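Just below is one structure, and these are the notes that go with it.
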Amino acid sequence: MCPAVSLYLLIPLLLMLANCANIGVVGDDEANILKSYWNSNYNSTPLSFNEWISGHHARLYMVDAWWSQRNSSIHINIFTTMTLDRIHMLEALCQSYMGPVSAAVYISVDVETYPYDFTSSAGGRGTRRLKSARRRLGEGAPELAAPIADAREKLQDLFTRMEEQSTTIDMIAAALRSNNTPPCCCQLKMALMAERLADPHLAYLMPTNAMRNVAMLMVNTPLSIMLDVDLSFGRNFNELVQNSTWINGLLQGTHGAPQPVMYIPPAFEAKAHHSLNAAKIIVEISLQGGKQTVSSLWKLGILQAFQIDICLHCHGAFNHTRWMESDVPYTVKYTQGFEPWGILNRFLDPGYDERFRGWLYNKQTHVEALAQKHNFVLKVLPDVWAVHRPHKKIASRKLAKPVPDNVKETNTDVMEMLKVITLPDGTNASAYSSYRKYVDNLRYKARTALAARQPYEPQLNPQFLHCKKALPWWGGVR
Ligand SMILES: *[C@@H]1O[C@H](CO)[C@@H](O)[C@H](O)[C@H]1NC(C)=O
Ligand SMILES: *[C@@H]1O[C@H](CO)[C@@H](O)[C@H](O)[C@H]1NC(C)=O
Ligand SMILES: *[C@@H]1O[C@H](CO)[C@@H](O)[C@H](O)[C@H]1NC(C)=O
Ligand SMILES: *[C@@H]1O[C@H](CO)[C@@H](O)[C@H](O)[C@H]1NC(C)=O
């Protein structure tokens, strides 16, 4: 083909792609509506550890929101939460999926170092605090603390790259190359959430479930799946979500009658003995390859079911041998502690219990409520799998086992969690052991109530409840 002709053929293609990218949703509107509804109920009082363990809900301020301008006909919206140090994982997740991805990004603000409120225009106590802080420092308060301004810039940068890449160069490249090229990228939606803290240890216990609820609010497709940001689906997932037969099967199953289904894909990870670099390669092969590849790596003992070595009941219920052989969805019985990720009807999701901060029991309690209170059926998807990307452990996880002194000293997060605090009843204990005591007890009570079919309600904050009622893509539909 001569160059002139191929260029001639390219022009309509380029125009078509450029136009496709601009149809549909005006993203800015959604972002602004969400931000204003969420912040209209914001309470700027900083949270203390003792308030949290006395049952106070999270108070999160939405600093900014981003909403992809690109329209998509994909019915499954992935939602996730993260701290800013995982931005590269969000990028990897976004590059691996062609549908919508919503992320709530957490940043904590220690009021000792930054006394200002976020909302200089808000009435009442917030304004008085801001004014007195300004007087004390003899200067105008900067609009945002430097770390927040920095976070906002990083997210803006990621957002711009994901929007631009997917509308131009990569789409064109994908169209010109074989149809095996993975499409790039997701339609990214993000909210930067800041929390004012009166105790520094709370910064290491992210309000995981409150953040998941924020991310859930950014879902506007019929189906949703909460996924940790360090996971991605195998690339065949992109073909499945475009297959209307497959999607219709999910839409019917998740709809509710006689019982709603949550469709659960198994998750895998590289075995713990692999070096970080080897693990990264294994993960990439498992994501790019087919089910046969995953199956072989698993049989060879290179891949393992997610965390199966430290928690058999968390993901064991899948029966991975059966998954390898199966090509139709199959039902597994809920067993205590089972905590799969899963695709469900977003309107049937009861929300995540916000009393759970940190890393323990947050997802387990949600799955348990789905199965025990809302009568969800758990069906394993034979053709979908997720893979966990390797990374360093967070403080509360490192502390699950006794920590050697030399490790303690080099980890400020660990040192902070080992500090002794005085609890509401006057006793003294480390922040870590107080955290464990509180969440272990919460977990015990929730589990007992759910097993006995007694009343159990997740804690949902007033900002979330207001948004769920008022946001056009939530309230208007039910
Ligand atoms: C997005 O595109 C689809 C298919 O082209 C169309 O049916 C839908 O109305 C569009 N959505 C919006 C909000 O424009
Ligand atoms: C679409 O999904 C259905 C149901 O899983 C499957 O039978 C069919 O082969 C798929 N079609 C394509 C083109 O992959
Ligand atoms: C797991 O599945 C395999 C293959 O279908 C089956 O033989 C085995 O009995 C199952 N194991 C359990 C514990 O159900
Ligand atoms: C706890 O610690 C505080 C301050 O460090 C101390 O004043 C108080 O007496 C301690 N309480 C108990 C019960 O040991």
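From a predicted model like this one, the values you see are computed outputs, not experimental measurements. Counting starts at 1 for both ligands and their atoms, following the listed order.
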Query - Close-contact set for ligand 3 against E325 heavy atoms, below 4.0 Å - result: 4 (C), 5 (O)
Query raised in the report: Do NZ/NE/NH1/NH2 and the carboxylate oxygens of R235 and E284 come within less than 4.0 Å?
Result: no
Query raised in the report: Any N or O on T321 sitting closer than 3.5 Å to an N or O of ligand 3?
Result: no
Report task. Calculate, to the nearest 0.5 Å, the distance between atoms CZ and NZ belonging to F159 and K189 respectively. Result -> 10.5 Å
Query - Atom-level proximity to ligand 4, residues with heavy atom under 4.0 Å - result: T422, G426, N428
**Report entry** Rounded distance [0.5 Å steps], CD in E354 versus CG in N461
**Finding:** 4.0 Å
Report task. Could you tell me whether some N/O pair between N243 and ligand 2 is separated by less than 3.5 angstrom? Result -> yes
Query raised in the report: Of all the atoms in ligand 2, which lie at a distance below 4.0 Å from a heavy atom belonging to W246?
Result: 2 (O), 5 (O)
**Report entry** Identified side-chain hydrogen bond (donor to acceptor under 3.5 Å, both in side chains) partner of H366 from the options D349, N209, D353
**Finding:** D349
**Report entry** Minimum heavy-atom distance W341-F306, with the two atoms named
**Finding:** CH2-CE2, 3.5 Å
**Report entry** Straight-line distance of W474 CH2 to L217 CG, nearest 0.5 Å
**Finding:** 7.0 Å
**Report entry** Value rounded to 0.5 Å, distance of CZ in F49 from CZ in R357
**Finding:** 9.5 Å
Query raised in the report: Checking salt bridge (Lys or Arg N to Asp or Glu O under 4.0 Å) against D228, which of R389, R212, K363 comes through?
Result: R212
